[in-house]
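This one's a predicted model, so the numbers in the text were calculated from it and none came from an experiment. We name chains A, B, ... by the order of the sequence lines, and we start the count at 1 in each one.
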Amino acid sequence: MNGFGNLLRLRFLPAAVWGLALLAIWEAGSWFLLKVLQVRMAQSKLPYIHEVVSAFGRYGSTLLKEGWVTLANAGLGLLLGATAGTLLAVLMSASQWMERLAFPYAVASQMVPILGLAPIVYGIVRDDQWARIIIAGYITFFPVALNMLRGLRSAHPSALELMRSYAAKPWSVYWKLRFPASLPGLFGGLKIAAPLAVTGAILVELMGARNGVGVIMLRNLYYGPSHVYMFWSTVVAGALLGVLSYLTMSVLERLAAPWQPEFRTKGGDR
Amino acid sequence: MTEKAVTMIPEIELDRVSMQYPSAHSDVLALQEVSLNIAKGEFVALLGPSGCGKTTLLRIMADLIQPTSGGIKVAGKSAKEARLAQKYGIVFQNPVLYDWRKVRHNITLPLELMGVKKAGRYRKAEELLELVGLAKFADKYPWQLSGGMQQRVAIARALAMEPEILLMDEPFSALDEFTRERLNEELLSIWSKVGNTVVFVTHSIQEAVFLSDRVFILSPHPGRLSAVAEIPLPRPRTREMRNGEVFFRLIAQIRDRFEGV
Amino acid sequence: MDMDGPLVTSIQPNGAAAGQGTVAGQGIAKKRLDFKEAGRIGLPLLGGVLFFLLWQLQAFHRIFDLKTYQLPLPTAIGAALSDNFGLLLSYTSYTLAEAALGMLLGSAIGFLIAMIAAAWPQWGAGGLMLVASLNAVPIVALAPIMNLWFGDEMGARIAIVTVTTMAAMAINAHKGMSMVDPLALDLMHSYAAGKRHVFRYLRIANSLPYVFTALKINTTASMIGAIVGEFFVSSRGLGYLLSNSVKVAKMPLGWACIVMAALAGVLFYLIVEWLEKAFIKWHPSQRA
C-alpha cells in the first residue's frame with residue numbers, strides 16, 4: 001500500500017468508525033428519550049440525526065447564504081487582525097522599546113475573556129457589519145502578534161551570524177530569514193484565532209444583526225418546537241463554519257510553509 | 001620560524017588580541033594577547049581542547065564579535081571592512097541550512113544577497129553542487145539529506161560568493177569518523193581547485209595535521225596561543241599519508257604539547 | 001624528507017602573566033541590570049497611564065467620533081465599579097465558580113480521553129481527532145442547547161465550559177503521554193513493566209508539563225465559556241449583568257463587568273501558574 005493509503009487507513013478509518021458509532025448512539029439516545037422515557041421537548045434536546053440532516057438539505061440554500069455572510073465578516077476581521085498583529089510583532093522584534101511597551105499587555109490580553117467585549121463593541125459601533133469585523137479582528141490580533149513574535153525570534157543564532165557574515169542588510173535578514181522562520185508561528189496563531197473569530201461573529205449576530213447564521217439560529221429558537229430540526233441544522237452549520245475556518249488555515253499553512261517537520265512524509269536519512 | 005613564514009604575504013594579521021567576557025561573578029579572560037599571521041592561500045588549523053578560545057578567535061576574525069583589545073587586519077583592512085566587502089565564507093559546526101529552501105536555493109542565498117542575477121545564481125549553484133558531489137540532490141529539502149551531505153551543502157554555500165577566506169568552525173565534529181575522514185579528503189580536493197585561505201577550527205589532532213600547512217595550538221585558562229606546528233607533509237595529501245611515520249610523529253609531538261594542560 | 005628537527009615551536013606569552021584570568025566587573029554589570037529592570041516595568045506602566053490619560057481627556061472620542069455614552073470615561077467606570085462593588089463581587093465569584101467547576105470537569109474528561117487514546121493508539125488517535133474538532137465549534141452555538149438540557153442555572157454554563165475545555169486537555173495530555181523518550185520506554189520494558197506501570201511511572205509524569213499548558217489555555221477559555229453562556233439565558237453572573245447593562249444603555253456598569261472579568265481571568269491564570277510551579281519543579285521550563 002502506498003503512503004497515502006496507509007495514512008487513510010491508519011488515521012481516518014478509526015475516526016470514521018468513531019464518528020459513525022457516535023451517530024448511532026445519538027440516534028438511539030434520541031429514540032430512547034422520545035419513545036421510552038417520553039421526556040418533555042425530547043426532540044429539542046436530542047433530535048433524530050436523520051431529521052436534522054434532511055432539514056439541513058431542505059434549508060441548504062439559506063444556510064449557505066447566511067453562512068457565507070458570517071464567514072465573510074469573520075474572514076475580513078481575521079485579515080485585519082492578522083495584518084495588525086503581524087505589524088506589531090515585527091515592531092516588537094525590531095525595537096526593544098516597542099517590545100517592552102506592548103509585550104506585557106499582549107500577554108495579559110491572553111488571560112482576559114476577550115469575547116466578553118462583544119456586547120460592549122456592539123454597544124459602541126451599533127453597526128452589525130462593523131461590530132462583527134472588529135470583534136473578529138480584535139480576537140485575532142493578540143494570538144497572531146504573540147505567536148508571530150515567537151516565530152520571528154525562532155531564527156537560529158548561527159543562521160543570524162551567517163547573515164551577518166554575508167553583510168546582509170537588516171531588511172534582507174527579515175525577508176530571507178526571519179519571515180520564513182516565523183511562518184509556523186504565524187499559522188499557529190491563525191489556527192487558534194480563526195474559530196474564535198467565527199464565534200465572535202456569531203455572537204454579535206445573536207445580539208442583533210440583520211443576517212448571518214446567528215440570526216437564523218435565534219429566529220428558529222424563538223419559533224419553538226416546530227422549528228427544532230431547522231434550529232439544530234443552524235447549530236451544525238455554525239460548527240461546520242468553525243471547522244471550515246480552521247481547515248482553511250491548515251491548508252494555507254501547507255501551501256505557504258510546506259517544509260515543516262509534521263508535513264514530512266517520512267524521515268530522511270538522518 | 002621557517003622561510004615560508006618570513007616571506008609570506010599576510011592575509012590575516014592578529015596583534016595581541018584579547019577577549020574578556022563579562023559574567024555574573026567575575027569576568028572571564030577567553031583569549032590573552034594572541035598574535036599570529038596567516039598567509040594568503042594558506043590552510044591553517046586552530047587546535048585545542050574545549051575552553052581554549054579557538055572558536056572565539058575564529059569569531060573575532062569573522063567580525064562576529066569584537067575583541068576587548070588588540071588589532072586585527074584582514075587583507076590590510078579591518079575585519080569589519082572585510083566582512084562588509086563579503087570576503088568571508090563561514091561553515092559552522094551545524095550546517096544551519098534553511099528548512100524552507102531546497103538544497104539549490106540554500107546555496108544561492110548569499111548570491112541573492114549580493115544581487116547576482118537568477119541565471120548566474122543557478123549556474124554557480126550547479127557548479128558548486130558538482131564540486132561537492134551533490135548534483136543529484138539539488139531539488140531535495142535539507143531534511144532529506146544525511147548529516148555529511150548537509151555539511152557539504154554548507155561548504156558549497158560558503159564557497160558560493162567565492163570568498164577570499166573560508167572560516168570553518170569544527171565543521172565535521174558532529175559526524176562519524178568514517179564520514180569525517182572522507183570529507184577531510186574532499187575538502188582538500190575542493191581547496192586545491194579554489195585555492196583560498198582557510199582557517200579551520202578543530203579539537204582533533206589528526207584532522208588538524210592531515211589538513212593544514214600550519215597548526216596553531218591553543219591552551220586554556222586563559223586561552224592563549226602556546227605553539228605553532230609546521231606540517232611538512234607534501235600536497236596533494238593522500239589517504240596513505242595517514243598511515244605514514246611522519247604523520248604519527250607529528251601527532252605525537254603535538255599531543256606532547258597538551259600534556260599537563 | 002628531513003624531519004629530525006622539532007616541528008613544533010613554542011610561543012612565550014609576552015608581558016602579561018598568566019593566571020590573571022579573572023577581572024572583577026561585578027559593580028558595573030549589576031547597575032546595568034537594575035536599569036534594565038526599571039525599564040521593563042516602568043515603560044509599560046508609563047504607556048498604560050498615558051493610555052488612560054488620553055481616554056479620560058477624550059482623545060479617542062475625538063478621533064473615532066464617539067460620545068461619552070458610547071465609550072464611557074475611566075472615571076465613570078470607576079464610579080460604577082465602586083457603586084456596585086458588592087453586586088459585582090458576588091456575580092464575579094458566581095461566574096468564576098462556573099468556570100472553575102466546568103474546567104475541572106472538562107479537563108478531567110479530556111485527560112481520561114487522552115489516557116484511553118494513548119493506551120490504544122491505533123483506535124484512540126482517531127477518536128482524538130473527533131474530540132479535537134470540538135475545539136473549532138463556536139461555543140455560542142452550544143449555549144441554547146445546554147440551556148435546553150440544564151435550564152438557566154449554573155449547570156448549563158458548567159456544561160458549556162466542560163465541552164469547550166475538554167478538547168485542549170485531551171490533545172495536550174495525549175501529546176505528553178505519547179511523546180515519551182523511546183529510551184525511557186525501553187528501560188521500562190527492561191524492567192518488564194506492564195502497561196499500567198508504564199502509565200503510572202512514565203507517561204503521566206511526562207504529560208504533566210503539557211497538562212499545565214492545557215490548564216492555562218483552559219482558564220481563559222472557561223471564563224469566556226461561562227460569560228458567553230450567561231449572555232443569553234441567565235439571571236445572575238457577570239455575563240448576564242454585562243449584556244443587560246448594554247441593553248439598558250448603562251455602559252459604565254458594562255465596562256465595570258469587563259474589568260471584573262479581566263481581573264478574575266488574570267487571578268484564575270495566576271493560580272494555575274502557581275500550581276504548575278509547585279507541581280513540576282523538575283521541568284526545564286521552571287528553571288531560572
Side-chain angles (χ1 to χ4, degrees), chain A residues 2-3 86 90 93 147-148 150-190 249-270, chain B residues 55 58-59 61-65 79-103 105-106 108-115 137 140-150 154 157-158 160-161 163 165-167 169-171 174-175 179:
Chain A
N2 58 16
T86 304
V90 171
S93 82
N147 282 284
M148 177 93 186
R150 200 178 303 149
L152 286 171
R153 288 215 193 111
S154 73
H156 199 280
S158 294
L160 284 167
E161 287 187 338
L162 194 70
M163 292 307 262
R164 191 176 148 82
S165 79
Y166 295 146
K169 308 236 169 3
W171 75 267
S172 349
V173 175
Y174 267 91
W175 198 240
K176 305 265 181 207
L177 176 61
R178 285 191 190 270
F179 280 134
S182 74
L183 282 179
L186 173 65
F187 279 103
L190 283 176
M249 291 304 134
S250 305
V251 169
L252 284 179
E253 181 179 19
R254 250 174 200 273
L255 291 177
W259 65 83
Q260 295 179 70
E262 58 260 41
F263 298 151
R264 293 171 191 172
T265 44
K266 52 179 184 275
D269 295 338
R270 280 196 268 190
Chain B
T55 294
L58 186 93
R59 290 159 63 85
M61 289 182 196
D63 189 43
L64 291 174
I65 47 176
K80 186 173 182 184
E81 284 166 336
R83 177 172 66 80
L84 293 180
Q86 298 178 318
K87 285 187 185 298
Y88 295 122
I90 298 189
V91 181
F92 295 100
Q93 185 173 351
N94 300 316
V96 200
L97 300 177
Y98 289 5
D99 285 340
W100 51 89
R101 284 169 174 253
K102 289 176 177 163
V103 166
H105 298 113
N106 262 291
T108 56
L109 170 80
L111 300 171
E112 287 168 37
L113 295 171
M114 285 170 79
F137 297 90
K140 297 276 185 208
Y141 279 104
W143 60 270
Q144 293 170 310
L145 269 54
S146 69
M149 288 156 108
Q150 290 184 12
R157 181 184 56 194
M161 43 211 278
I165 299 160
L166 184 58
L167 302 171
D169 186 8
E170 304 192 26
L175 304 175
T179 313

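Considering only heavy-atom pairs separated by less than 4.5 Å from chain B, the leading option among A:Ala257, A:Pro258, A:Ala167 is A:Ala167. Between chain A and the residues B:Tyr98, B:Trp100, B:Tyr88, the most heavy-atom pairs under 4.5 angstrom are made by B:Trp100. Between chain A and the options B:Ile90, B:Leu64, B:Leu84, B:Val91, the largest number of non-hydrogen pairs under 4.5 Å is found for B:Leu64. The candidate from A:Ala168, A:Pro180, A:Ser165 with the greatest count of non-hydrogen atom pairs under 4.5 Å with chain B is A:Pro180. Of the residues considered (B:Arg157, B:Gln93, B:Met161, B:Lys80), B:Arg157 shows the highest number of contacts with chain A, using heavy-atom pairs under 4.5 Å.
For A:Ala155, no part lies near chain B; criterion is any non-hydrogen pair under 4.5 Å. Using a 4.5 Å cut-off between heavy atoms, A:Leu183 makes no contact with chain B at all. Using a 4.5 Å cut-off between heavy atoms, B:Leu97 does not touch chain A at all.
A:Ser172 approaches B:Leu113 most closely through the heavy-atom pair CB-CD2, 3.4 Å. Across every non-hydrogen atom of B:Leu58 and B:Asp169, the tightest pair is CD2-CB, 3.5 Å. Across all their heavy atoms, B:Trp143 and B:Gln150 have their closest contact at CA-NE2, 4.3 Å.
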Applying side chain to side chain contact (heavy atoms under 4.5 Å, CB included) to A:Arg164 and B:Asp63, what does each step give before you reach the verdict? CA-CA 9 Å; A:Arg164 191 176 148 82; B:Asp63 189 43; 3.7 Å; yes
Using the side chain to side chain contact (heavy atoms under 4.5 Å, CB included) rule, take B:Lys140 and B:Met149 through it: C-alpha gap first, then chi angles, then the decisive distance, then the call. CA-CA 11 Å; B:Lys140 297 276 185 208; B:Met149 288 156 108; over 6 Å; no
Could you go step by step and tell me if A:Glu253 and A:Leu186 meet the side chain to side chain contact (heavy atoms under 4.5 Å, CB included) rule? CA-CA 9 Å; A:Glu253 181 179 19; A:Leu186 173 65; over 6 Å; no
